[in-house]
Amino acid sequence: MLVIVTKDYEEMSKVAAKKVAALIRKKPNCVLGLATGSTPLGLYRELIRLHKEEGLDFSKVTTFNLDEYVGLPPEHPQSYHYFMWENFFKHINIDRRFVFIPHGMADDIEEHCRWYEEQIAKAGGIDLQILGIGANGHIAFNEPGSSLGSRTRIKTLTEQTRKDNARFFGSIDQVPKYAITMGIGTIMDAREILLLASGKAKAHAIKITVEGPITAMVPATIVQMHPRATIIADEEAASELSGKYEG
Ligand code: GLP
């Protein structure tokens, strides 16, 4: 696992964008796994800039998002559908038919999760998966205790995650209790993983992810097992690491 420590959030976003852009240039029809949350926003901003100023072409790119809240329709301002279109997709030349995000209003969630896995397989698998990290070490909505081999499914959100996300909803009561999420096994099938972390609030999660033992109680620790995983953390997020890492 490669750990890159950057000066700040801006630099973290730029280093990540460079990697994503290099892949798109090398393989224009690549498959990207995308994340929501505040962490990847800078990456998306930089990719939008590269599209507008340098003609980075997304027309053949396929994307799969990690997760979505159950019960929120795509037009709900806190849905991850809305987030992705507002913050990224509507600013680039992505083909709508190649965008996949789990559907929070699916009638048969189990069937939908199976279908989602099938679409990933049909697309040839994910080339590069972008990840954020929860303060408790969760990835996507795989909360502590999630099976390390899990596939796309419905998960109950922990109190901590609902608290962390309450800032977007106004109050914790409005945060959905369930989400559809790619499983840890699904994430680990990606050919490459890029995990981003910024700020003091993530310092402990990054320390145990990089230097702790692999455990389902900290789902992000599984990334240690991935043959091509990079963590890009800014100085604050890396502040509890005891090892020396690439600057
Ligand atoms: C949510 C998302 C995760 C994300 C996490 C951290 O729980 N499901 O994919 O990594 O939030 O979000 P932020 O980047 O806003 O700290």
Side-chain angles (χ1 to χ4, degrees), residues 6 8-10 12-13 16-17 32-46 63-72 76-84 86-88 100-104 113 116 126 128-146 150 152-169 172 174-184 186-188 190 193-210 218-223 229-234 236-238:
T6 64
D8 55 19
Y9 178 78
E10 263 334 287
M12 175 203 79
S13 305
L32 298 178
L34 298 180
T36 52
S38 41
T39 309
L41 278 174
L43 159 66
Y44 297 151
R45 267 198 299 272
E46 181 61 12
T63 65
F64 285 92
N65 261 80
L66 286 167
D67 46 14
E68 177 60 289
Y69 290 111
V70 168
L72 298 192
H76 189 289
Q78 295 312 330
S79 76
Y80 286 167
H81 273 81
Y82 189 91
F83 176 100
M84 288 309 298
E86 277 307 298
N87 293 302
F88 192 31
F100 294 85
I101 306 174
H103 209 295
C113 293
Y116 202 70
I126 293 171
L128 175 63
Q129 177 66 58
I130 308 295
L131 292 177
I133 185 169
N136 61 3
H138 74 241
I139 45 177
F141 272 132
N142 294 286
E143 297 284 22
S146 292
S150 51
T152 303
R153 70 214 184 291
I154 184 167
K155 284 292 286 177
T156 308
L157 304 181
T158 60
E159 191 70 8
Q160 161 94 55
T161 297
R162 293 182 66 232
K163 246 187 235 159
D164 288 349
N165 289 329
R167 65 187 194 277
F168 301 113
F169 286 85
I172 186 163
Q174 288 164 274
V175 183
K177 294 197 168 67
Y178 305 97
I180 295 173
T181 179
M182 273 190 207
I184 298 176
T186 321
I187 292 168
M188 288 293 285
I193 288 179
L194 193 55
L195 187 151
L196 309 180
S198 165
K200 267 255 171 270
K202 300 294 170 68
H204 185 63
I206 286 299
K207 179 176 175 60
I208 47 183
T209 295
V210 176
V218 185
T221 56
I222 193 65
V223 168
T230 304
I231 294 186
I232 310 180
D234 66 11
E236 283 190 355

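Numbering starts at 1 and runs along the sequence shown. In listed order, ligands and their atoms are each counted from 1. Side-chain atoms are counted along with the backbone in the values below, which use heavy atoms only and exclude waters and symmetry mates.
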Considering only heavy atoms of Phe141, which atoms of ligand 1 have at least one such atom less than 4.0 Å away? 1 (C), 7 (O), 8 (N)
Could you state the interatomic distance from CD1 (Ile101) to CE (Met84), rounded to the nearest 0.5 Å? 6.0 Å
Is it the case that the side chain of Glu143 and the backbone of Lys155 share a donor-acceptor pair, with hydrogens and angles ignored and the cut-off at 3.5 Å? no
For atom 16 (O) of ligand 1, what's the nearest protein heavy-atom neighbour? Residue, atom name and distance, please. Lys202 NZ, 2.6 Å
Polar atom proximity, Thr161 to ligand 1 (N or O, under 3.5 Å): no
Checking heavy-atom distances from atom 9 (O) of ligand 1 to each of Gly132, Ala140, Ser198, the winner is Ala140
Which word best sums up how the rings of Phe64 and Phe100 line up, parallel for under 30°, tilted for 30 to 60°, or perpendicular for over 60°? parallel
Approximate separation, where rounding is to 0.5 Å, of Asn87 CG and Tyr82 OH: 9.5 Å
For atom 2 (C) of ligand 1, what's the nearest protein heavy atom and its distance? Tyr80 OH, 3.7 Å
Do ligand 1 and Ile133 have nitrogen or oxygen atoms that lie under 3.5 Å from each other? yes
Report yes or no: does Asp164 have a heavy atom closer than 4.0 Å to ligand 1? no
Rounded to the nearest 0.5 Å, how far does CZ of Arg153 lie from CG of Asn142? 4.5 Å
Using modelled atom types only, decide if a donor and an acceptor are shared between the side chain of Gln160 and the backbone of Ala135 within a distance under 3.5 Å. no
So, Tyr80 side chain and Leu66 main chain: donor-acceptor pair closer than 3.5 Å or not? no
Nearest-neighbour protein heavy atom for atom 8 (N) of ligand 1, which is reported as residue plus atom name and distance: Asp67 OD2, 2.8 Å
Please tell me whether Phe169 and Tyr69 form a close aromatic pair, meaning their ring centres lie under 6.0 Å apart. yes
Does even one non-hydrogen atom of Arg167 get within less than 4.0 Å of ligand 1? yes
Rounding to 0.5 Å, atoms CD1 (Ile126) and OG1 (Thr63) come to a distance of 9.5 Å
Which atoms of ligand 1 are found less than 4.0 Å from any heavy atom of Thr39? 13 (P), 14 (O), 16 (O)
Any donor-acceptor pair under 3.5 Å linking the side chain of Asp8 with the backbone of Asp234? no
Shortest protein contact, atom 12 (O) of ligand 1 (heavy atom only): Gly37 CA, 3.9 Å
Answer yes or no: does an N/O atom from Phe168 fall short of 3.5 Å to an N/O atom of ligand 1? no
For atom 4 (C) of ligand 1, what's the nearest protein heavy-atom neighbour? Residue, atom name and distance, please. Thr36 O, 4.1 Å
Between Tyr69 and ligand 1, which residue portion shows a heavy-atom distance shorter than 4.0 Å: side chain, backbone, both, or neither? neither
Tell me which protein heavy atom sits closest to atom 7 (O) of ligand 1, plus the residue, atom name and distance to 0.1 Å. His138 NE2, 2.8 Å
